[in-house]
Amino acid sequence: MPVILQQVSKSFGDVRALNEVGFQVGDGELFGLIGPDGAGKSTLFRIIASLLIPDAGSCMVLGFDVVKQYREVRKLIGYMPGRFSLYMDLSVEENLNFYATVFGTTVRENHDLVREVYRHIEPFRKRPAGKLSGGMKQKLALSCALIHRPRILLLDEPTTGVDAVSRREFWEMLEKIRREGITILVSTPYMDEAELCDRVALMQKGGILEVADPAEMSTREEVPLFALRSSSEVYPYLERIRKQEGCQSAWLFGDELHVTLKSKEYEPLIREEIGRWKEPSLEWVAIAPSIEDRFMRLIRQEQEPDSGHGAGIKYRTDR
Amino acid sequence: MRILYTLLIKEFKQIFRNRFMIPVIFVVPLVQMIILTYAASLEMKDIKLALVDQDHSTASRFLTSAFDGSPYFKIMFRSEDEREALRLLHRDRVDVILQMKKGFGQELYREGPMDLQLLINAINATEAGLVRAYCTRIITGFNSQIRPEWKAGGGLSGNPAVEIIPAFWYNPEFDYKIYMFCGILVILVTLIGMLLTALNLVREKEMGTTEQINVTPIRKYQFIIAKLLPFWIIALFELGFGLVVGRLLYDLPVVGSLWLLFLFAAVYLFAVLGIGLFLSTISGTQQQMMFVAFFFMVTFILMSGVFTPTESMPGWAQQINVINPVAYFMRVIRMVLLKGSDFRDISRDFYSMIGYASVILTLAVTNYRKTT
């Protein structure tokens with residue numbers, strides 16, 4: 001197991017950023033940390049990257065303790081911080097060469113590994129890093145994190161603030177890197193990206209809600225899920241649906257309402273009720289729950305049972 | 001070594017890619033060396049003089065013409081009326097009043113005590129001191145010239161007058177500019193070394209680039225050396241540049257050894273860069289850093305003896321100057337350049353500076369934490 005976390009806790013003053021977090025990442029796995037802003041993802045990354053010392057618990061990276069043997073750990077990981085941290089006043093090429101040399105290697109030596117990523121930014125290799133677009137900055141940062149052929153790649157929200165096309169490209173690149181045998185830990189607030197991971201850990205308020213295969217995760221949902229769609233605004237119906245007998249919970253999901261029922265028996269009753277509203281544009285269908293639905297329900301279980309949608313989850317607008 | 005070399009190359013690239021740097025290194029010092037040297041100069045010309053001659057004797061006319069001929073004085077007012085002269089002094093129209101009472105020449109002839117009054121505006125004490133010194137010089141000259149003449153005419157033998165001929169060593173022309181220039185140069189080199197180092201380090205902190213650097217195998221000491229060395233070189237270059245400018249503009253004499261000066265500067269700059277590093281560790285943003293640096297710099301500079309000799313400061317102030325690095329360099333640069341002191345003369349300052357640099361660098365490096 002390349003990464004083993006046990007009961008890791010970290011506080012900043014009164015704020016408990018991480019609360020007894022523990023999970024393991026398997027060899028060659030693409031592991032996702034999913035959660036809203038402030039869930040503690042970045043803190044966790046900084047601990048794994050040996051930049052932050054946990055208050056309690058232990059974190060082992062490829063058999064090395066991140067606190068005591070941080071020097072070994074740093075040779076083996078490639079870390080891409082959430083905030084762009086390369087030199088803005090150095091060119092693309094200079095940044096890449098700099099990080100290669102610092103790790104005692106050359107760009108040529110590992111060119112095959114970074115080629116896939118680097119070819120996108122190669123036409124701009126003389127341009128200062130500060131003048132690149134968001135997507136290109138991410139690709140440069142990924143190239144620099146990869147240039148010494150790390151065993152583990154730590155990517156803290158690599159696609160936040162990046163356009164949809166670049167995001168898709170980025171995930172395709174990750175898939176290729178993984179095929180090189182590099183274990184990848186990636187955090188994201190986007191639910192659709194979670195489904196591209198081998199396994200994900202759902203994080204909320206410094207704790208882990210669940211660790212599972214995203215495909216399997218949605219089948220774990222035993223409560224039937226329905227969607228109410230409309231060609232116009234669907235939001236006005238939220239309170240009406242919630243008042244129905246048999247409705248367990250309802251929340252806004254993108255531009256539709258997702259509804260769970262206490263049991264299947266209530267379904268015909270609600271369908272009839274909606275029919276009585278005389279809104280021909282309304283559409284009521286049974287749907288397969290996504291990982292996002294799972295996450296929403298888990299969060300609501302943690303908090304009070306009937307809070308609406310939200311918890312800072314970002315929706316893709318280009319779905 | 002390879003890592004260090006890479007870091008240094010990177011650092012130099014960044015420094016010279018910064019558009020703000022070239023003016024800071026070349027233009028700003030040049031402007032300062034030209035403007036400040038004159039502005040801070042204590043040399044005075046055209047001292048406004050009011051002459052109150054109530055005697056109208058040969059002697060008084062002789063003294064008047066002595067003042068008239070001096071390049072330092074400009075006679076603004078001649079009269080017998082001392083009250084009018086006083087009024088002008090009150091209104092700041094004249095700097096000094098020379099009053100020769102009736103009987104001045106007579107007294108002189110009889111070799112009795114002369115009565116001569118000098119009223120100097122002493123709002124600026126330094127200026128007043130200078131005015132007094134200039135006046136005394138002229139009056140002494142007058143004195144030594146007039147006596148033999150009278151003696152020859154009157155035949156009275158007086159006591160052989162003891163003549164004081166001052167010789168101004170190390171600065172025969174009494175040129176304040178070169179003295180000031182040395183001080184300005186020290187300030188410039190210190191500013192460049194301390195501020196640029198601290199700014200650069202804090203900027204790296206602000207930009208968040210240290211986050212990425214910290215996960216590399218770069219060691220703490222390598223990072224610090226790569227940060228300090230460029231500014232050490234730039235500051236030493238600045239010293240050389242300043243000396244050339246001084247030579248061209250002010251005919252700066254270089255009596256002592258330049259090697260000795262640069263050797264001392266090299267050690268001195270380690271202390272200065274250490275302070276810069278220390279400042280960067282205690283501040284999170286460039287603004288905070290500038291504020292703290294401003295406080296230190298103003299204190300250091302004003303205490304260093306750039307305008308006033310440190311020897312004239314109260315005892316406790318001189319004690320404080322033990323921890324003021326600028327005071328050491330201020331003393332040494334003048335000793336070496338103007339006086340031609342050799343290593344033995346400055347050895348005390350030199351070893352103190354080595355100790356100082358070691359302490360401040362240790363403190364700064366310890367304070368600089370690579371891991372939180």
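In what follows, every chain begins at residue 1, and chains take the letters A, B, ... in the order their sequences are listed. We use all heavy atoms of the structure for the numbers below, so side chains are in, but hydrogens, waters and symmetry mates are not.
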With a 4.5 Å heavy-atom cut-off, do [X] and [Y] have their side chains touching?
| X | Y | result |
| --- | --- | --- |
| B/R17 | A/E94 | yes |
| A/R83 | B/E211 | no |
| A/L51 | B/V215 | yes |

With a 4.0 Å cut-off, would you call B/K10 and A/D89 a salt bridge?
->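 Judged by the 4.0 Å cut-off on N to carboxylate O distance, B/K10 and A/D89 do not form a salt bridge.
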Of the backbone (N, CA, C, O) and the side chain (C-beta and beyond), which part of B/L7 lies under 4.5 Å from a heavy atom of chain A, both, or neither?
->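 Contact with chain A is through both the backbone and side chain of B/L7.
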Heavy-atom distances under 4.5 Å only: say whether B/E204 touches chain A with side chain, backbone, both or neither.
->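 The side chain, not the backbone.
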What distance do [X] atom [atom1] and [Y] atom [atom2] have between them, rounded to the nearest 0.5 Å?
| X | Y | atom1 | atom2 | answer |
| --- | --- | --- | --- | --- |
| A/F103 | B/T6 | CZ | OG1 | 12.5 Å |
| A/L90 | B/T209 | CG | OG1 | 10.0 Å |
| B/Q212 | A/Y99 | CD | OH | 4.5 Å |

Can you check side-chain contact (heavy atoms from CB on, under 4.5 Å) on B/I213 and A/F98, steps first, answer last?
-> CA-CA 11 Å; B/I213 288 292; A/F98 173 73; 3.7 Å; yes
Output yes when a side-chain donor or acceptor of A/S85 lies under 3.5 Å from a complementary backbone atom of B/G208, and no otherwise.
->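 Checking the backbone N and O of B/G208 against the side chain of A/S85, a donor-acceptor pair under 3.5 Å is found.
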Short question: side chain of A/R74, backbone of B/N214 - any donor-acceptor pair under 3.5 Å?
->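 Yes; at least one donor-acceptor contact below 3.5 Å.
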